[in-house]
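See below for the structure under consideration.
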Amino acid sequence: MYRQCEMPSPLGHGVAALAAGWAVAGIAPEPHARIRQVAILVAIGLTPDLDLLIGRHSMESHSIGAAVLVASLAAWQRWPVGSSRLVIWIAVALAWCSHPILDALGSDTSAPLGVMALWPFSSAHLHTGWDVFGPISRRYWLDNFWTINLTSIAREVVILAPIAVAAWLFRRSDSSTKDGREAQRRGPSWKRRSSVPRRLL
Ligand SMILES: [Zn+2]
């Protein structure tokens with residue numbers, strides 16, 4: 001099934017996933033770890049829309065079930081997103097869920113409206129009808145292509161950027177606390193599992 005692409009832009013999804021991940025996991029304590037953390041969280045925010053490639057857009061990948069599967073994989077493999085498996089699981093689950101939440105809040109005029117958010121418990125598509133976010137058009141041959149998309153992207157930035165900045169400011173202050181300094185000292189906990197045995201020696 002092919003649906004027109006009317007949903008928040010990749011920029012909006014990336015920023016929302018980053019804000020969700022940061023709010024849960026905090027800011028990675030050193031520059032390289034931070035770059036990895038940002039890259040992974042943004043990628044998580046964008047990945048659900050890869051379902052466009054297999055003709056199942058806004059279906060299983062846009063669900064709580066997919067979030068649980070990906071978060072479990074991330075926690076098991078210790079993706080360098082947070083300082084413990086539990087934190088990684090929650091951060092990745094929320095970052096993934098931010099995508100269908102934004103889609104459900106965005107403009108959608110192609111039936112079935114919304115996303116299959118409750119899969120595997122329900123295959124119903126859910127949509128708020130609130131149109132908080134504007135449509136993103138892929139019909140580049142139309143005169144209003146740039147007007148529509150730039151307007152929608154500006155709206156996403158106005159709404160989502162302050163949330164991401166607030167998460168960053170709020171969690172960045174952790175690094176000045178005792179726990180934050182301890183997390184910084186325990187740097188390897190942010191790294192991949194291959195670095196853990198060295199810490200244990
Ligand atoms: Zn989507």
Side-chain angles (χ1 to χ4, degrees), residues 1-25 37-74 79 81 89-140 142 144-164 167:
M1 185 192 306
Y2 176 79
R3 301 177 65 207
Q4 291 296 338
C5 186
E6 300 191 53
M7 54 193 179
S9 71
L11 178 69
H13 282 306
V15 171
L18 190 57
W22 273 349
V24 174
Q37 183 191 39
V38 169
I40 291 171
L41 289 172
V42 169
I44 289 168
L46 306 187
T47 300
D49 278 342
L50 292 181
D51 61 3
L52 283 162
L53 301 176
I54 57 170
R56 295 188 69 77
H57 186 45
S58 296
M59 299 175 85
E60 294 85 356
S61 68
H62 287 59
S63 70
I64 194 167
V68 167
L69 288 174
V70 174
S72 299
L73 177 67
W79 292 1
V81 169
W89 193 95
I90 299 172
V92 170
L94 281 186
W96 190 280
C97 284
S98 71
H99 185 114
I101 289 172
L102 256 60
D103 281 353
L105 288 169
S107 170
D108 194 349
T109 56
S110 305
L113 299 183
V115 293
M116 203 184 276
L118 300 181
W119 182 85
F121 306 107
S122 167
S123 296
H125 279 68
L126 303 180
H127 188 250
T128 62
W130 294 348
D131 291 2
V132 173
F133 300 102
I136 294 295
S137 171
R138 287 184 296 156
R139 300 165 198 154
Y140 57 85
L142 297 181
N144 59 3
F145 172 77
W146 286 107
T147 313
I148 289 177
N149 287 349
L150 289 177
T151 304
S152 295
I153 288 171
R155 196 156 141 189
E156 293 168 12
V157 169
V158 167
I159 295 170
L160 296 170
I163 298 173

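Just so you know, ligand 1 is whichever comes first in the structure, and atom 1 is the first atom listed for that ligand. Count residues from 1 along the sequence.
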Using a cut-off of 2.8 Å, find all protein N, O or S atoms closer to the Zn ion (ligand 1) than that distance.
Asp49 OD1, His62 NE2, His99 NE2, Asp103 OD2

The criterion is ring pair (Phe, Tyr, Trp, His ring centres under 6.0 Å); which residues satisfy it with His13, sequence neighbours excluded?
His99

Ser137 side-chain N/O to Phe145 backbone N/O, donor-acceptor pair under 3.5 Å:
no

Consider side chain to side chain contact (heavy atoms under 4.5 Å, CB included). Of Asp49, Asp108, Thr128, which one does Asp103 pass it with?
Asp49

For Leu69, give me all partners under side-chain contact (heavy atoms from CB on, under 4.5 Å), at least two apart in sequence or on another chain.
none

Residues in side-chain contact (heavy atoms from CB on, under 4.5 Å) contact with Ile90, at least two apart in sequence or another chain
Val24, Leu86, Leu94

Can you confirm whether Val70 sits close enough to Thr47 that some side-chain heavy atom of one is under 4.5 Å from a side-chain heavy atom of the other?
no

